[in-house]
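The structure under discussion appears below in the form of structure tokens.
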Amino acid sequence: MERLHFAYCMEIGYSIPVSRCYFTIKCIPKNDERQKLLGMNISLFPQTGYSFGEDSYKNRQIYGCVEKPHDKFVFQITGDVEILQTDFAETAVAERIGMYRFPHGKCQPGPGLLEYYKTLDVFRHKSDYETCIALMHKLHEDFQYVSSATEVYTAAEEAWEIGKGVCQDYAHIYITLLRLMGIPARYVCGLIIGEGASHAWVEALCKEKWIGFDPTNDCIVLDSYIKLGDGRDASECAINRGIMWGGGAQSQKISVSVERKSGA
């Protein structure tokens, strides 16, 4: 078993003070068959009360309201996660599989992805797991990582037509293709060992187990990954959402650090 220490900090600046805002933040690691949250500390600026809850996908979240004027909002969470095993994330629940079988939101094929799908030999592999591995390798070869090529709202088909993008785009394209092949797949938002920002990968259903695949790095998900949330596409496990009054232009800084805990 591996123990990972993580730190996530989000700072949003406003050109005009916000008079009031409601926020929902999904940045608490999930507890599942793969990982367990051992402890965490949360801080907010401006200081305000908040509550814990879960969305319909059982993604853990905090939500609250800042009722005094502010020109900066800062959320920080630190904690430790124990990686219990890496073969799969969790055993599938039958009534929660169907929603991941069909096109949805940013994971809908257009002419480009449908044509690409026709070039893939999807029937020669003996198992869904082998199909997932082969498709991951192929997508990694045929799509290019470029950090500034797409935006947060870019969908799978648009990213494919551009031919380059970031981890979110790899995940959306991979999910779209897997669903065309009849393999249920879901988007995962999380953290990966090192420093930078949040990361995205995919869990696909193989023999009633949700198994993690990272098409951006062309690898299966091992003990260097911390899962925060999942959904049908990125919009359903977005880390930060809110409603505010005022604010003007916004700037956002994200910093993430994940490291193996010494002595674990």
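Quantities reported herein were computed from a predicted structural model and do not represent experimental measurements.
The main-chain N or O of L4 is never found under 3.5 Å from a side-chain atom of R260 such that the two would form a donor-acceptor pair. Listed for the R232 side chain is no donor-acceptor partner under 3.5 Å among the backbone atoms of P103. Judged by distance alone, the side chain of R3 and the main-chain N or O of I83 form no donor-acceptor pair under 3.5 Å. Looking only at distances, a side-chain donor or acceptor of E157 sits under 3.5 Å from a matching main-chain atom of L113. S224 contributes no side-chain N or O that, together with a main-chain N or O of I193, makes up a donor-acceptor pair within less than 3.5 Å. Under a 3.5 Å cut-off, the side chain of Q108 and the backbone N or O of G105 do form a donor-acceptor pair. Side chain of E158 to backbone of T154: no donor-acceptor contact under 3.5 angstrom is found. At distances below 3.5 Å, not a single donor-acceptor pair connects side-chain atoms of E90 with backbone N or O atoms of W210. At least one donor-acceptor pair under 3.5 Å links the side chain of Q85 to the backbone N or O of D87. Looking at T48, its side chain never comes within 3.5 Å of a backbone N or O of L44 through a donor-acceptor pair.
What you find for R179 and H104 is that their closest heavy atoms are NH1-N, 4.0 Å. A156 approaches I173 most closely through the heavy-atom pair O-CG1, 3.7 Å. Residue V74 comes nearest to C9 through the heavy atom pair CG1-SG, 4.1 Å, listed as atom of the first residue, atom of the second, then distance. When every heavy atom of I133 is checked against every heavy atom of Y174, the shortest pair comes out as N-OH, 4.4 Å. Nearest heavy-atom pair across K26 and E236 is NZ-O, 3.3 Å. Across all their heavy atoms, I175 and A185 have their closest contact at CG2-O, 4.0 Å.
T91 and E208 are not linked by any side-chain donor-acceptor pair at a separation below 3.5 angstrom, with hydrogens and angles left out of the test. There is no side-chain donor-acceptor pair under 3.5 Å between K106 and S235. Under the 3.5 Å distance criterion, with hydrogens and angles disregarded, no donor-acceptor pair is assigned to the side chains of D223 and T86. In the model, D233 has no side-chain atom that pairs as donor or acceptor with a side-chain atom of H172 under 3.5 Å.
You'll find the ring centres of W160 and Y170 outside the 6.0 Å limit.
Open room surrounds CD on Q47; 12 or fewer heavy atoms of other groups in view lie less than 6.0 Å from it. Within a 6.0 Å radius of CD in E95, more than 12 heavy atoms belonging to other residues, nucleotides or ligands are found. Around atom NZ of K209, more than 12 heavy atoms belonging to other residues, nucleotides or ligands sit under 6.0 Å away.
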Listing, residues 197-205 side-chain donor-acceptor contacts under 3.5 Å, not counting sequence neighbours, or none:
| unit_1 | atom_1 | unit_2 | atom_2 | d |
| --- | --- | --- | --- | --- |
| H199 | NE2 | D214 | OD1 | 3.3 |
| H199 | NE2 | D214 | OD2 | 2.9 |
| E203 | OE1 | R186 | NE | 2.8 |
| E203 | OE1 | R186 | NH2 | 2.8 |
| E203 | OE1 | K227 | NZ | 3.0 |
| E203 | OE2 | K227 | NZ | 3.2 |

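Residue pairs meeting the ring pair (Phe, Tyr, Trp, His ring centres under 6.0 Å) criterion with at least one partner in residues 230-251, sequence neighbours excluded, are Y22-W245. Within the structure, every pair that satisfies the ring pair (Phe, Tyr, Trp, His ring centres under 6.0 Å) test and touches residues 45-69, not counting sequence neighbours, is listed here: Y50-F52.
Between K207 and D128 there is no salt bridge, since no side-chain N of the basic residue sits under 4.0 Å from a carboxylate O of the acidic one. Using a 4.0 Å cut-off between charged side-chain N and carboxylate O, D230 and K30 make a salt bridge.
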